[in-house]
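Not measured: the values here are computed from a predicted model. The first residue in the sequence is number 1, and the count goes up from there. Computed over heavy atoms, backbone and side chain alike; hydrogens, waters and symmetry mates excluded. Whatever order the structure lists ligands and atoms in, that order sets their numbers, starting from 1.
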Amino acid sequence: MLEKNVKLENKTILVTGAAGFIGANLILSLLKNVEHVEIIGIDNMNAYYDVALKEFRLNQIRELASGVTGTFTFIRESIAEQKKVKEIFETHRPQIVVNLAAQAGVRYSIENPDAYIESNMIGFYNLLEACRHSYDGGAGGVEHLVYASSSSVYGSNKKIPYATEDKVDNPVSLYAATKKSNELMAHVYAKLYGIPSTGLRFFTVYGPAGRPDMAYFGFTDKLVKNETIKIFNYGNCKRDFTYIDDIVTGVQSVMQCAPLPNEEGVKYKIYNIGNNQPENLLDFVEILQEELKRAAILPQEYDFEAHKELVGMQPGDVEVTYADVSELERDFGFKPSTDLRDGLRNFARWYKEFYL
Ligand SMILES: NC(=O)c1ccc[n+]([C@@H]2O[C@H](COP(=O)([O-])OP(=O)(O)OC[C@H]3O[C@@H](n4cnc5c(N)ncnc54)[C@H](O)[C@@H]3O)[C@@H](O)[C@H]2O)c1
């Protein structure tokens with residue numbers, strides 16, 4: 001196990017993508033569990049998906065923040081605005097930076113590639129530059145930069161489970177290419193300017209108030225409307241579904257351990273965070289529909305078979321995602337373990353309350 005070398009108590013933590021699925025859940029957990037933490041949340045509240053969901057998450061944070069020792073300041077801004085990012089760093093002087101803002105989604109990168117370059121490339125570059133200048137004039141500066149990468153960097157890797165030492169030079173979507181680029185850029189800034197950074201390759205994260213563009217959410221929307229769901233690659237897909245609480249536990253553990261210099265003397269690390277137990281897509285939808293019935297979102301007599309259509313593969317998608325999480329386990333004594341049925345049950349309960 002790694003020794004903790006970054007204290008979170010009494011620190012200023014900048015979280016980008018604060019109104020996003022993972023960002024908001026991380027902030028809730030930090031406010032609940034860390035004394036006197038000052039959280040600065042940035043999000044541009046873009047309309048890639050329903051902004052009401054982002055508002056809902058922000059309200060959850062504000063409600064919690066009013067009863068804890070920590071504070072939450074929200075800044076509606078894009079990380080692609082270099083001047084603004086610089087100003088935010090100069091005003092708030094964050095000691096820990098967690099970058100979760102990004103244009104997410106594989107399929108949308110075919111429709112709107114610009115959004116990926118703007119948020120994932122320019123935005124990330126602006127954060128790196130701001131981290132670099134946080135040490136100017138002998139200031140304490142950023143102790144640890146943690147940022148989201150993605151399992152999509154593995155592209156159509158044949159070897160499973162996916163390990164961080166696998167060669168990942170063949171991305172199959174622009175989204176994946178931006179995430180891999182982030183890892184490369186972070187390496188440069190760790191090497192040249194000594195900014196300790198950890199990249200986290202997340203594997204299909206799901207849970208209450210999750211992202212509506214993801215399959216489990218989209219399937220639910222369609223089934224509720226009595227529409228047919230399309231199951232890609234004729235169901236021959238496996239996904240390592242990771243419950244949001246496991247991701248938050250993982251990110252929070254990682255935040256407290258800035259990487260020590262590696263063999264080349266660079267404070268740089270990448271981890272997979274996934275469930276390490278890929279589920280077959282057809283089994284997954286079966287469990288989902290059972291849990292939707294249990295939550296009374298779908299009637300007991302709902303004919304699920306009649307609402308399911310098996311179709312071919314989508315461009316940019318991959319057949320299997322399967323995380324090797326042995327490094328995470330070795331360094332933090334933790335690996336995601338929430339059972340898919342339990343996680344989908346929580347999602348179904350939330351969905352009923354929020355929409356129906
Ligand atoms: N959810 C997953 O399954 C998953 C899997 C792999 C990687 N990731 C990565 O994890 C991170 C968080 O994902 P998420 O699921 O919470 O996504 P999300 O879309 O819910 O959250 C991202 C947030 O960032 C904001 N944002 C986008 N561009 C911005 C910009 N230029 N400036 C400021 N804010 C901006 C969005 O408004 C959104 O609220 C992303 O980097 C994503 O690529 C997520």
Indicate the ring-plane relationship of Tyr48 and Tyr108, choosing parallel, tilted or perpendicular according to the 30° and 60° boundaries.
-> tilted
Quick one: ring pair (Phe, Tyr, Trp, His ring centres under 6.0 Å) pairs with a partner in residues 238-259, sequence neighbours left out?
-> Tyr206-Tyr243, Phe241-Phe284
Please tabulate, one line per pair, the protein N or O atoms found under 3.5 Å from any N or O atom of ligand 1, giving the distance to one decimal.
from     : atom 1 : to     : atom 2 : distance (Å)
ligand 1 : 1 (N)  : Arg211 : NH1    : 3.2
ligand 1 : 3 (O)  : Val205 : N      : 2.7
ligand 1 : 15 (O) : Arg211 : NH1    : 2.9
ligand 1 : 16 (O) : Phe21  : N      : 3.2
ligand 1 : 16 (O) : Ile22  : N      : 2.8
ligand 1 : 20 (O) : Phe21  : N      : 2.9
ligand 1 : 20 (O) : Tyr49  : OH     : 2.5
ligand 1 : 26 (N) : Asn44  : OD1    : 3.4
ligand 1 : 28 (N) : Ser119 : OG     : 3.1
ligand 1 : 31 (N) : Ser78  : OG     : 3.1
ligand 1 : 31 (N) : Ser119 : OG     : 2.9
ligand 1 : 32 (N) : Ile79  : N      : 2.9
ligand 1 : 34 (N) : Asn44  : N      : 3.1
ligand 1 : 34 (N) : Asn44  : OD1    : 3.4
ligand 1 : 37 (O) : Asp43  : OD1    : 2.6
ligand 1 : 37 (O) : Asn44  : OD1    : 3.4
ligand 1 : 37 (O) : Asn46  : ND2    : 3.4
ligand 1 : 37 (O) : Lys54  : NZ     : 2.8
ligand 1 : 39 (O) : Gly20  : N      : 3.3
ligand 1 : 39 (O) : Asp43  : OD1    : 3.3
ligand 1 : 39 (O) : Asp43  : OD2    : 2.7
ligand 1 : 41 (O) : Lys179 : NZ     : 2.7
ligand 1 : 43 (O) : Tyr175 : OH     : 2.6
ligand 1 : 43 (O) : Lys179 : NZ     : 3.2

Donor-acceptor contact present, side-chain Thr16 to main-chain Ile42, <3.5 Å | no
Worked verdict on Lys54 versus Asn46 for side-chain hydrogen bond (donor to acceptor under 3.5 Å, both in side chains) | CA-CA 9 Å; Lys54 298 183 183 183; Asn46 69 55; 3.3 Å; yes
So Tyr125 and Tyr189, would you call those rings parallel, tilted or perpendicular, with 30° and 60° as cut-offs?
-> perpendicular
Evaluate the ring planes of Tyr351 and Phe347, with Trp represented by its six-membered ring, and classify them as parallel (under 30°), tilted (30 to 60°) or perpendicular (over 60°).
-> tilted
